[in-house]
Student: 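Once you've had a glance at the structure underneath, I'll fire off some questions.
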Number of protein chains: 2
Amino acid sequence: MKLGEGVEAAIHCAAMLAGVDGAATMPGAALAEAFGVSPSYLLKHLNMLTAAGILESVPGPAGGYRLAKPSERITLLDIVLAVEGREPAFRCGEIRQRGPVRLDASAYVKPCGINAAMLKAERAYRAALAEVRLSAIVADYVSEADPRSVAAGCAFVARYQRPQKVHPNQVPPSKSER
Amino acid sequence: MKLGEGVEAAIHCAAMLAGVDGAATMPGAALAEAFGVSPSYLLKHLNMLTAAGILESVPGPAGGYRLAKPSERITLLDIVLAVEGREPAFRCGEIRQRGPVRLDASAYVKPCGINAAMLKAERAYRAALAEVRLSAIVADYVSEADPRSVAAGCAFVARYQRPQKVHPNQVPPSKSER
DNA sequence: GTAGTGTTACTCGGATAAATATTGTCCGAGTGACATCGG
DNA sequence: CCGATGTCACTCGGACAATATTTATCCGAGTAACACTAC
């Protein structure tokens, strides 16, 4: 019963990416620097989030990551499952059948009660995570955390986010930062 | 997010030990044989259950393990925590403080919202496990599972359980088995 | 001045190694049962 | 026949490897920006 250390980083990265405007992106190296983790290792987890459809990655200069969908539609469960895997934590190995007494297979049609109880508990865990949207995490952070921390976070985002190349028929964003 | 394989064995062992009468014990080797797992490795988990006050161990010949308290007072949560450790699965490393912007410690008096959400989910998980008593597991098994499986389990228990030496002022149990 | 083109620097992505936790195995300390011996 | 005693077999308990998983790192493929050149 131990969650990988990358889950925490993944959630923090997603929360920070929720603060970038529009289609702008943020490089993985900047995210790694923001939290003091290994850049190369963080990319692995960000890659899993991308494969799960939570993030989008843009290659090349001015590339990076951004949310693939609005933060209201991303839950903590999505992130945890993407990083830790979708299979349940408790896997019934059917050890009740592995003893010396080999009964007929028809004696084991009923599912293992222990397995059922463990999976029910895990469903409760996942349900609790599914109720927390990324937008709620960000809103709570902005309203509850120390204003200095919020200001530092916003400054970091503004400093490192890279606006995307605009297509000719689109109006370029205001050249506010750098 | 992966539970050790020993958890399943530990729960099954506890359920089987709930079937031994009174103060009788069952050797760890018999439990290992019942589920087809390594005897030496199972002892490690049984030892953890003993350290947690769930089981009692009796050394010497006719020794073994038995429940340390009635099965109504043992929950799945007790067993899972004893085997997997009591600390929560999600450990907040406070990576929000590890970035390049070093704010004053007073900016982090509020707990991390992400950590709060993860711990709340884990509390739901543990609450669900705490509601399942070992006696309920056994009762469900006896009433729901295939009668052949129940009979085989009872026979196994009767075959391998070792009655304890009775003190002089106590009446010896019926010499039914072996 | 403008369009085309080549270079370049920056990004992600996957393959590769080190560290750690889990799983599995072994041997030793301790204890009560059993057989033996003596009364 | 009953009791004391020494031996012994059986138990758990912790120390010792092997394996799997997690963590960390490096190098390559790809892409868009940038500078340069030609028109």
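The chains referred to below are lettered A, B, ... by the order of the sequence lines, with proteins before strands, and numbering in each begins at 1. When reading the values below, keep in mind they use all heavy atoms of this one structure, side chains included, and skip hydrogens, waters and symmetry mates.
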Student: DNA chain C: A:K44 or A:M26, which has the more 5' nearest nucleotide?
Tutor: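 Looking at DNA chain C, the more 5' nearest nucleotide goes with A:M26.
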Student: Could you tell me which residues satisfy salt bridge (charged side-chain N to carboxylate O under 4.0 Å, His left out) with B:D21, sequence neighbours excluded, listed by chain and number?
Tutor: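 Per chain and number, B:D21 pairs via salt bridge (charged side-chain N to carboxylate O under 4.0 Å, His left out) with no residue.
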Student: Side chain to side chain donor-acceptor pair (under 3.5 Å) with A:E84: which residues, sequence neighbours excluded?
Tutor: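 Counting only residues at least two positions away or on another chain, A:E84 forms no side chain to side chain donor-acceptor pair (under 3.5 Å).
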Student: If the threshold is 4.0 Å, N to carboxylate O, is there a salt bridge linking B:R98 and B:E94?
Tutor: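 B:E94 and B:R98: not salt-bridged.
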Student: Can you tell me the distance, in whole Å, between the CG atom of A:L46 and the P atom of C:dC12?
Tutor: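 Taking atom P of C:dC12 as the reference, CG of A:L46 is at 8 Å.
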Student: With sequence neighbours excluded, tell me which residues meet ring pair (Phe, Tyr, Trp, His ring centres under 6.0 Å) with A:F156.
Tutor: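 Testing A:F156 for ring pair (Phe, Tyr, Trp, His ring centres under 6.0 Å), a comparison that skips the adjacent residues, returns A:Y160.
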Student: Could you tell me how far apart B:Y160 (OH) and D:dC10 (C1') are, to the nearest whole angstrom?
Tutor: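 In whole Å, D:dC10 C1' lies 15 Å from B:Y160 OH.
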Student: With no hydrogens and no angle check, just 3.5 Å: does a side-chain donor-acceptor pair link A:R148 and B:S106?
Tutor: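 Yes.
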Student: Which one, D:dA24, D:dT25, D:dG13, comes nearest to the side chain of B:T50?
Tutor: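 Looking only at heavy atoms from C-beta outward on B:T50, the closest nucleotide is D:dG13.
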Student: Just N and O in the side chain of B:S40: are any of them under 4.0 Å from OP1 or OP2 of C:dC26?
Tutor: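 It does not, given that no N or O in the side chain of B:S40 lies less than 4.0 Å from OP1 or OP2 of C:dC26.
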Student: So, does B:T25 use its side chain to make a donor-acceptor pair with the main chain of B:A62 at under 3.5 Å?
Tutor: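 Yes: the side chain of B:T25 pairs with the backbone of B:A62.
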Student: Quick one: is D:dG13 close enough that its OP1 or OP2 comes under 4.0 Å of any side-chain N or O from B:Y65?
Tutor: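 Indeed, a polar side-chain atom of B:Y65 lies that close.
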Student: Please report the distance, rounded to the nearest Å, between CG in B:L3 and C1' in C:dT22.
Tutor: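 Whole-Å distance recorded here is 13 Å.
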Student: Which nucleotide in the set D:dT23, C:dG24, D:dC12 lies at the smallest distance from any side-chain heavy atom of A:Y41?
Tutor: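 In terms of side-chain proximity for A:Y41, the closest of D:dT23, C:dG24, D:dC12 is D:dT23.
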Student: Output the residues of residues 55-63 of chain B in contact with DNA chain C, where contact means a heavy atom of the residue under 4.0 Å from an atom of the strand; sort by number or write none.
Tutor: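 B:P59, B:G60, B:P61, in order of number.
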Student: Just the rounded figure in Å: distance from P of D:dA20 to CD of B:E5.
Tutor: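 One finds 12 Å between P of D:dA20 and CD of B:E5, rounded.
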Student: Name all residues meeting the side-chain contact (heavy atoms from CB on, under 4.5 Å) criterion together with B:K110; count only those two or more places apart in sequence or in a different chain, and write none if there are none.
Tutor: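 If we apply the side-chain contact (heavy atoms from CB on, under 4.5 Å) test to B:K110, skipping adjacent residues, the hits are A:E144.
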Student: Does D:dC12 have OP1 or OP2 under 4.0 Å away from a side-chain N or O of B:N47?
Tutor: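 Checking D:dC12 against B:N47, no side-chain N or O comes under 4.0 Å of OP1 or OP2.
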Student: Do A:T75 and A:D78 have a side chain donor and acceptor closer than 3.5 Å?
Tutor: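 The criterion, which ignores hydrogens and geometry beyond distance, is satisfied for A:D78 and A:T75.
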Student: Could you identify which residues of residues 27-35 of chain B place a heavy atom less than 4.0 Å from some atom of DNA chain D, listed by residue number, or say none?
Tutor: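 Listed by number, they are B:P27, B:G28.
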Student: Whole Å only: how far is the CE atom of B:M1 from the P atom of C:dA21?
Tutor: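 Between P of C:dA21 and CE of B:M1: 19 Å.
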Student: Can you establish whether the number of heavy atoms outside B:R133 located under 6.0 Å from its atom CZ is more than 12?
Tutor: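 Result for CZ/B:R133: open.
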Student: Whole angstroms only, please: what is the CE-C1' distance between B:M48 and D:dG14?
Tutor: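 It works out to 12 Å between those atoms.
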Student: Could you tell me how far apart A:E84 (CD) and D:dT21 (P) are, to the nearest whole angstrom?
Tutor: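 Checked: the CD to P distance equals 13 Å.
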Student: Measure NE2/A:H45 against P/C:dG14 and give the value in whole Å, please.
Tutor: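 It works out to 14 Å between those atoms.
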